[in-house]
Amino acid sequence: MNDAPIGIFDSGVGGLTVARAIRAQLPRESFVYIGDTAHSPYGPKPIADVRRYSLEVLDTLVDQGVKMLVIACNTASSAMLRDARERYDVPVVEVIGPAVRRAISTTRNGRIGVIGTVGTIGSRAYQDMLEVNENLAVFAAACPRFVEFVEAGITDTPEVLRVAEEYLAPLRDADVDTLVLGCTHYPFLRGAIGYVMGEGVSLVSSDDETAGDVYRQLVRGDLLASADASPNYVYEATGASADDFTALANRLMGQEVRGVRLVQTGVIDLPHLKEIP
Ligand code: DGL
């Protein structure tokens with residue numbers, strides 16, 4: 001048993017979809033969530049920068065005594081998952097593997113679409129994992145404006161639908177029957193994405209699947225919160241305004257984020273951590 005919080009992070013509000021799923025599956029667990037809003041969006045940035053920002057956030061979470069790290073960001077998972085697993089003593093859960101497993105068990109015609117940020121799609125993290133199976137045909141598309149929409153709190157306007165149509169038409173034409181939402185911001189646009197792809201296409205997102213992985217790792221590591229634990233949720237952001245993050249998180253999540261505190265990453269000296277060259 002371990003009542004320490006789980007550390008969860010994303011570049012912004014996208015990882016809240018994963019935090020929400022963890023809370024639903026593990027209602028006694030506490031968490032600390034960091035949105036790295038000072039460096040958001042990660043998608044268009046060089047992989048080396050995303051790797052550095054992400055490790056700085058994870059260092060900050062480890063310094064706060066978390067018992068597990070959840071990289072609730074596909075771009076960061078593609079950029080630094082192996083580094084993170086080597087660097088920290090606590091278990092590290094990411095979002096790509098769980099979504100890949102679900103996509104494989106969902107598809108009926110073997111044609112899978114993947115959408116994500118420029119960084120995630122360019123890294124080929126999804127394509128490489130899926131294409132190990134020669135019976136699968138994978139079609140990938142970067143959808144950079146989707147994160148901009150979500151970070152602006154815009155999820156259901158005609159403009160969202162128009163842009164979704166533009167990005168997704170090639171995948172629909174490729175006759176995919178399963179579409180992986182390979183960015184944790186995208187579940188907030190599920191309505192538009194589902195509408196454009198049509199009812200025959202199953203949408204797979206990382207949130208529930210990743211929460212399932214968190215559950216398994218907590219059980220296997222004997223890290224579950226004790227039976228009488230009451231959960232505590234802490235929300236932090238690295239950007240200039242805690243109020244902006246609070247307002248946006250509440251708009252997207254339904255008034256559950258009561259307060260956000262600002263933190264600065266990249267300033268902590270943790271001599272016990274292994275240097276990543
Ligand atoms: N939510 C993130 C992801 O899953 C990052 C989006 C971004 O910052 O560009 O990739």
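Every value quoted in this text rests on a predicted model; they were computed, and no experiment measured them. Remember, it's 1-based here, ligands and their atoms both numbered in the order they're listed. Values below: all heavy atoms of this structure, side chains included; hydrogens, waters and symmetry mates excluded.
- Checked against salt bridge (charged side-chain N to carboxylate O under 4.0 Å, His left out), Lys67 has the following partners two or more places apart in sequence or in another chain: Glu29.
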May I have every N or O pair linking ligand 1 to the protein at under 3.5 Å, one per line with atom names and distance?
unit_1   : atom_1 : unit_2 : atom_2 : d
ligand 1 : 1 (N)  : Asp10  : OD1    : 2.9
ligand 1 : 1 (N)  : Asp10  : OD2    : 3.4
ligand 1 : 1 (N)  : Thr184 : OG1    : 2.9
ligand 1 : 1 (N)  : His185 : ND1    : 2.7
ligand 1 : 4 (O)  : Asn74  : N      : 2.8
ligand 1 : 4 (O)  : Asn74  : ND2    : 3.1
ligand 1 : 4 (O)  : Thr184 : N      : 2.9
ligand 1 : 4 (O)  : Thr184 : OG1    : 3.3
ligand 1 : 8 (O)  : Ser11  : OG     : 2.6
ligand 1 : 8 (O)  : Tyr42  : N      : 2.7
ligand 1 : 9 (O)  : Tyr42  : N      : 3.3
ligand 1 : 9 (O)  : Gly43  : N      : 2.8
ligand 1 : 10 (O) : Asn74  : N      : 3.4
ligand 1 : 10 (O) : Thr75  : N      : 3.0
ligand 1 : 10 (O) : Thr75  : OG1    : 2.6

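- Under the rule for a side chain to side chain contact (heavy atoms under 4.5 Å, CB included), the partners of Pro98 that lie at least two apart in sequence or sit in another chain are Glu94, Arg101, Glu209, Thr210, Asp213.
- Using a 3.5 Å distance cut-off with no hydrogens or angles, the side chains of Ser241 and Asp243 do not pair a donor with an acceptor.
- With sequence neighbours left out, the ring-ring contact (aromatic ring centres under 6.0 Å, His included) criterion links Phe31 to Tyr233, Tyr235.
- Counting only N and O atoms by type, the side chains of Thr75 and Thr117 include a donor and acceptor under 3.5 Å apart.
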Trace of the side chain to side chain donor-acceptor pair (under 3.5 Å) decision for Asp49 with Tyr42: CA-CA 8 Å; Asp49 290 351; Tyr42 280 1; over 6 Å; no

